[in-house]
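Input: a single structure, listed below in structure tokens.
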Amino acid sequence: MTGATRTTMPRPARARSWWGWGWADAHPDDAECVAMGALLPGTLARPLPVPRTSDLRIGRPAVEAPRSLARTVTADPAVRAAHAMGKAYRDVVRALRGRPGRIPDLVAHPADGREVADLLEWAGEHGVAVVPFGGGSSVSGGVEYRGDAHRAVLSLDLTAMDRVLEVDAAGRAARIQAGALGPALEDQLRPHGLTLRHFPQSFEFSTLGGWLATRAGGHYATGRTHIDDFVQSLRVVTPAGTGTSWRLPASGAGPSPDRLFLGSEGALGVITEAWMRVQERPRHKDSAAVSFTSFGAALEAVRAIAGSDLAPANCRLLDAGEAALAGASRDGSAVLVLGFESADSPVEARLAQAVDLARAHGGREDGSRDGGPGNGGGPGGAPGAVDAWRSAFLRMPYLRDGLARMGAVVETFETAATWDRVPALIDAVRTEVGAAALKATGHPATVNCRLTHVYPDGAAPYFTVLAAGRPGDEVAVWDHLKEVAGEVLHRHRATITHHHAVGRDHRPGYDRQRPDPFALALRAAKGALDPHGILNPGVLID
């Protein structure tokens with residue numbers, strides 16, 4: 001084992017947006033917002049102004065941290081405002097309307113696990129709610145406090161704990177602090193020729209701890225789709241003590257302790273570091289796009305590919321609307337984006353087999369193939385549809401925020417179901433959510449679908465909703481549409497979330513989905529590990 005040291009060049013300073021997605025300088029300007037709004041009847045004539053933290057009424061903290069924690073905690077109003085909520089559509093709109101909800105009294109940036117433990121001990125003694133923040137990219141209400149049951153709220157930001165502490169190159173594993181953002185994590189693994197190869201859309205702005213606490217989905221569309229698959233061991237700080245699971249390749253010793261905390265969203269403890277399975281960096285990449293005139297035929301093609309042993313890294317199916325929105329198709333076709341990668345062997349033959357399977361179901365290959373390195377986190381891409389999809393994928397959250405400034409309702413949600421339910425589920429969501437949006441706003445809505453992850457036994461449909469809002473009432477419109485969508489998912493026995501976590505927004509669906517005996521066990525675990533009820537109140541369980 002070797003200790004890992006920082007070898008990266010310093011990054012130029014760049015400001016994060018406190019109210020919207022990503023970088024502050026990457027948002028559409030007013031003219032682009034107006035141009036986008038013109039394509040969606042019923043939006044505002046002029047964009048809402050970009051909100052400033054100085055315009056918010058931020059009161060004095062209800063508590064003060066003890067002197068022993070003073071260097072770890074800040075009460076700076078701008079920092080507190082930036083930690084008040086995540087980056088869901090409803091969060092963006094609330095910020096635009098000057099209603100961000102309860103702003104935390106304090107924000108802590110602990111430097112190590114000992115400081116995390118000290119903060120939890122102090123918070124428990126003084127009735128202070130502790131909301132782990134991760135990178136703040138939550139889109140399900142997972143990083144905000146709702147209610148008034150606690151005298152004060154502390155936002156716990158672990159991004160100061162961002163080191164790769166050890167690398168076991170022979171065992172292909174690395175011990176990594178939970179506050180490491182995606183780019184920092186990869187920068188530290190790169191000198192070792194290794195990568196975690198987990199690239200959610202929020203890669204730049206989310207942390208390893210956040211991925212673990214929310215069971216995040218990442219780069220791979222098949223096989224190792226979730227962060228769970230990369231975990232070897234966890235270290236977790238709880239109000240009842242700190243525990244570290246053994247680092248093992250596999251174990252059959254009872255229920256897995258790691259599984260208790262994966263997906264726990266900070267309600268049971270704070271993940272401070274983890275041993276993660278890493279891999280050699282891919283050197284061989286190739287990709288292609290295949291178009292279909294029939295979405296039903298495209299679904300059958302994807303099912304055949306998912307059921308094979310080809311294991312594509314990327315297998316995204318875009319319906320006609322989603323393909324047009326991404327610029328991947330202009331003739332009303334659905335588009336299947338395929339990508340393969342490997343550290344040790346060429347992938348062209350596997351890509352050719354996947355394309356052949358798609359052709360057998362009526363697909364036609366578009367453009368040329370490109371085995372060169374890909375942009376960002378995804379597989380290498382061919383010119384045309386693949387590059388268009390990738391660019392749109394990375395740009396879409398910024399465009400969402402621009403449309404939100406125009407009073408539009410623009411948001412996504414995802415699910416997963418078995419193959420026998422997928423076609424009817426997609427049709428029902430399109431029909432019922434579209435009808436609900438028309439009734440709520442008086443304007444037709446667009447409901448697009450893509451498959452982000454596929455399995456031999458099912459798939460994960462991901463929906464995009466675009467509709468005119470009701471000025472000043474956009475959050476209520478979206479909450480209603482989410483409620484309608486949740487009812488459709490429940491009726492089709494589709495999960496309330498595939499990789500966006502439960503948070504607070506998905507609690508009603510999660511409460512209906514989980515078995516009652518498991519809910520009893522979860523409440524018991526919460527009571528034992530968090531006896532004062534301070535950890536992320538309202539998430540997963542009450």
Side-chain angles (χ1 to χ4, degrees), residues 16 18-19 51 53 56-66 68-88 90-91 94-95 98-110 115-160 178-179 207 209-210 213-214 237-239 264-272 501-505 507 526 529-542:
R16 288 276 301 274
W18 81 269
W19 64 274
T53 57
L56 299 175
R57 300 175 64 179
I58 302 176
R60 293 177 59 83
V63 293
E64 291 186 9
S68 60
L69 296 172
R71 71 181 185 87
T72 304
V73 175
T74 180
D76 179 87
V79 176
R80 291 165 58 196
H83 286 75
M85 55 192 179
K87 302 301 182 185
R90 69 191 317 278
D91 302 328
R94 287 185 297 159
R99 301 191 293 264
R102 181 162 176 176
I103 292 173
D105 298 86
L106 301 169
V107 177
H109 294 87
E115 291 188 352
V116 172
D118 290 344
L119 285 163
L120 295 189
E121 182 179 5
W122 168 76
E125 292 174 351
H126 293 83
V128 176
V130 178
V131 180
F133 190 71
S137 63
S138 170
V139 292
S140 58
V143 297
E144 66 177 273
Y145 182 87
R146 296 179 189 171
D148 56 6
H150 296 78
R151 62 182 295 222
V153 179
L154 170 76
S155 178
L156 186 62
D157 185 325
L158 298 192
T159 51
T207 64
T214 61
V237 177
T238 79
S264 63
E265 302 191 34
L268 303 179
V270 179
I271 300 169
T272 57
V502 174
R504 293 164 178 83
D505 296 345
R507 266 295 302 277
K526 173 73 170 177
L529 296 172
D530 181 20
H532 298 293
I534 61 169
L535 286 176
N536 218 1
V539 165
L540 296 182
I541 47 179
D542 295 322

Can Thr159 and Asp157 be said to form a side chain to side chain donor-acceptor pair (under 3.5 Å), step by step? CA-CA 6 Å; Thr159 51; Asp157 185 325; 2.6 Å; yes
Under-4.0 Å salt bridge between [X] and [Y]:
X	Y	result
Arg146	Asp505	yes
Lys526	Asp530	yes
Glu115	Arg71	yes

At their closest point, which heavy atom of [X] faces which heavy atom of [Y], and how far apart are they?
X	Y	answer
Glu64	Trp122	O-CZ2, 3.6 Å
Leu158	Ala178	CD1-CB, 4.2 Å
Ala267	Leu540	CB-CD1, 4.5 Å
Ser138	Gly142	OG-N, 3.0 Å
Leu535	Gly269	CD1-N, 3.6 Å

So, the side chain of [X] versus the backbone of [Y]: is there a donor-acceptor pair under 3.5 Å, distance only?
X	Y	value
Asp105	Val153	yes
Arg504	Pro537	yes
Tyr145	His150	yes
Arg80	Leu106	no

| 4.5 Å side-chain heavy-atom contact, Trp18 and Pro51 | yes
Only residue of Leu56, Asp91, Thr53, Ile58 satisfying side chain to side chain contact (heavy atoms under 4.5 Å, CB included) with Pro100 is Leu56
